[in-house]
Amino acid sequence: MRATTNGVTSAPTSAATSARLGVMLTELRLPTMKRLVPEVCVQSDRQGWPGQQLVETLLEHEMNEREVRRIERHRIESNLSPDKRLSSFDFAAVPCVSKAQVMALAQGHEWLQRGANILLFGPPGVGKSHLIAGLAHALIDAGRRVLFMRCSELVQRLQAARRDLRLAHELAKLDRFDLLVLDDLSYVRRDQAETSVLFELICERYERKSIAITANTPFSQWGEVFVDAAMTVAAVDRLVHHATILEMNVDSYRRRAAQEAKAPARRAKPATTTGAGT
Ligand code: ADP
Ligand code: MG
């Protein structure tokens, strides 16, 4: 093990050598090491690190950054709005939803292993999409893969795949996601075309891969979404078998926010005297 003393380096790191090293690191797809080699090697020489420490340090940086890049890729492919996080979700506005329960879903992933589902119900504007997107971001932070889609868009995509005889292939592609968020199930309509593809998706993932669904209509109205009553019952049965159901029966957050924006102005007025004379 060669060490250096007092900052005097004996390493013959010629320009030709570093260029070759750079090429090899590019070839091996180690961009972080490539970036850090000059700086870390100087530090290593100066401080007389054993060779093993130098190699470990460089590989550790590469692995850490690789994980960051992987999570970033997962976030981009997820289709999630970047700003809909749990940190910006006001749980006080939905007392019927337990923050502890949502945080437990975000932190423990045993339910994803089991392919369990999440169903969120509530009228428009109560924060269903925001809450499930926030949960999805937290899962991505923890290394999971999520796809967030409007349900009607996914149905269209699967219908097109069925027409081209690639439905099985398309369903298999969705398999790489630990969680599939189908936002706004209620907007899928039977007259869009036949929607048995949605049923096939639900069957395909049953007890294997999780689905989260937001809907502003209760199960009793899901007959609008599936081809017939028997299929509706079969779909609901599979979805609820292992599911966390969150009911968000509050007033629209947007409407309340608008009302509250007006209210302080009204409350402030009586306390102030007018015509102070200017
Ligand atoms: P829904 O999906 O139930 O129709 P959204 O999630 O789209 O409702 O919410 C409507 C808007 O209000 C969004 O901009 C969302 O970020 C915001 N919002 C709703 N509920 C909350 C909440 N509890 N805390 C913070 N923002 C919220
Ligand atoms: Mg929504």
Side-chain angles (χ1 to χ4, degrees), residues 74-107 111 116-141 144 146-158 174 177-190 192 195 198 201-202 205 210-226 235-236 239-240 243-265:
H74 290 175
R75 205 178 305 285
I76 291 166
E77 78 179 0
S78 73
N79 208 18
L80 286 163
S81 275
D83 58 329
K84 304 297 179 195
R85 304 283 182 135
L86 287 179
S87 55
S88 60
F89 189 79
D90 175 13
F91 281 91
V94 270
C96 42
V97 168
S98 152
K99 180 175 181 180
Q101 188 182 17
V102 173
M103 290 309 182
L105 290 168
Q107 279 148 20
W111 62 280
N117 303 320
I118 299 184
L119 307 172
L120 287 104
F121 292 99
V126 293
K128 300 183 297 298
S129 301
H130 187 147
L131 183 61
I132 197 66
L135 179 57
H137 272 298
L139 296 174
I140 289 173
D141 289 336
R144 298 298 188 151
V146 178
L147 180 65
F148 181 100
M149 277 191 89
R150 292 184 67 83
C151 193
S152 56
E153 227 172 276
L154 186 71
V155 165
Q156 272 172 21
R157 190 161 123 185
L158 294 179
L174 295 173
F177 297 104
D178 301 296
L179 176 68
L180 195 55
V181 181
L182 306 180
D183 197 29
D184 278 330
L185 175 102
S186 326
Y187 294 130
V188 174
R189 296 213 326 278
R190 226 184 312 176
Q192 245 185 330
T195 51
L198 187 55
L201 173 69
I202 291 165
R205 290 180 76 91
S210 300
I211 297 180
I213 286 179
T214 73
N216 51 36
T217 52
F219 292 127
S220 56
Q221 286 169 42
W222 284 20
E224 295 296 312
V225 173
F226 294 95
V236 170
L239 286 171
V240 300
T244 300
I245 299 181
L246 302 173
E247 305 249 14
M248 302 174 70
N249 287 322
V250 288
D251 281 343
S252 159
Y253 187 84
R254 266 188 296 249
R255 198 166 54 233
R256 270 186 297 164
Q259 277 164 358
E260 275 160 28
K262 279 191 219 146

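Since the model is a prediction, treat every value here as computed from it, not as a measurement. Just follow the structure's listing: the first ligand is 1, and inside any ligand the first atom is 1.
Only protein N, O or S atoms were considered, and those under 2.8 Å from the Mg ion (ligand 2) are Ser129 OG.
Counting only heavy atoms from C-beta outward, the side chains of Ile118 and Leu135 approach each other to under 4.5 Å. For the pair Thr244/Trp111, no side-chain contact is recorded, criterion being any heavy-atom separation below 4.5 Å from C-beta on. Here the side chains of Val94 and Phe89 are in contact, with some heavy-atom distance below 4.5 Å. Within the 4.5 Å cutoff, the side chain of Asp251 has no heavy atoms near those of the Gln259 side chain. Residues Ser129 and Val181 fail the side-chain proximity criterion, which asks for heavy atoms closer than 4.5 Å.
Between Arg85 atom CZ and His137 atom NE2 the span is 4.5 Å, to the nearest 0.5 Å.
Screening Val126, Leu246, Ile132 for a side chain to side chain contact (heavy atoms under 4.5 Å, CB included) with Thr214, the sole residue that qualifies is Ile132.
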Present, as a list of atom pairs with distances to 0.1 Å, all nitrogen or oxygen contacts under 3.5 Å between ligand 1 and the protein.
from     : atom 1 : to     : atom 2 : distance (Å)
ligand 1 : 2 (O)  : Ser129 : N      : 2.9
ligand 1 : 2 (O)  : Ser129 : OG     : 2.8
ligand 1 : 3 (O)  : Val126 : N      : 3.2
ligand 1 : 3 (O)  : Gly127 : N      : 3.1
ligand 1 : 3 (O)  : Lys128 : N      : 2.9
ligand 1 : 3 (O)  : Lys128 : NZ     : 2.8
ligand 1 : 4 (O)  : Gly125 : N      : 2.7
ligand 1 : 6 (O)  : Ser129 : N      : 3.3
ligand 1 : 6 (O)  : His130 : N      : 2.9
ligand 1 : 8 (O)  : Gly127 : N      : 3.0
ligand 1 : 14 (O) : Lys84  : NZ     : 3.1
ligand 1 : 16 (O) : Lys84  : NZ     : 2.9
ligand 1 : 16 (O) : His130 : ND1    : 2.6
ligand 1 : 23 (N) : Asp90  : O      : 2.9
ligand 1 : 24 (N) : Asp90  : N      : 2.8

Q.
Would Asp83 and Ser88 count as a side chain to side chain contact (heavy atoms under 4.5 Å, CB included) here? Give the steps.
A. CA-CA 8 Å; Asp83 58 329; Ser88 60; 5.9 Å; no
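Contact detail for Cys151 and Val188: the closest heavy-atom pair is SG-CG2, 3.7 Å.
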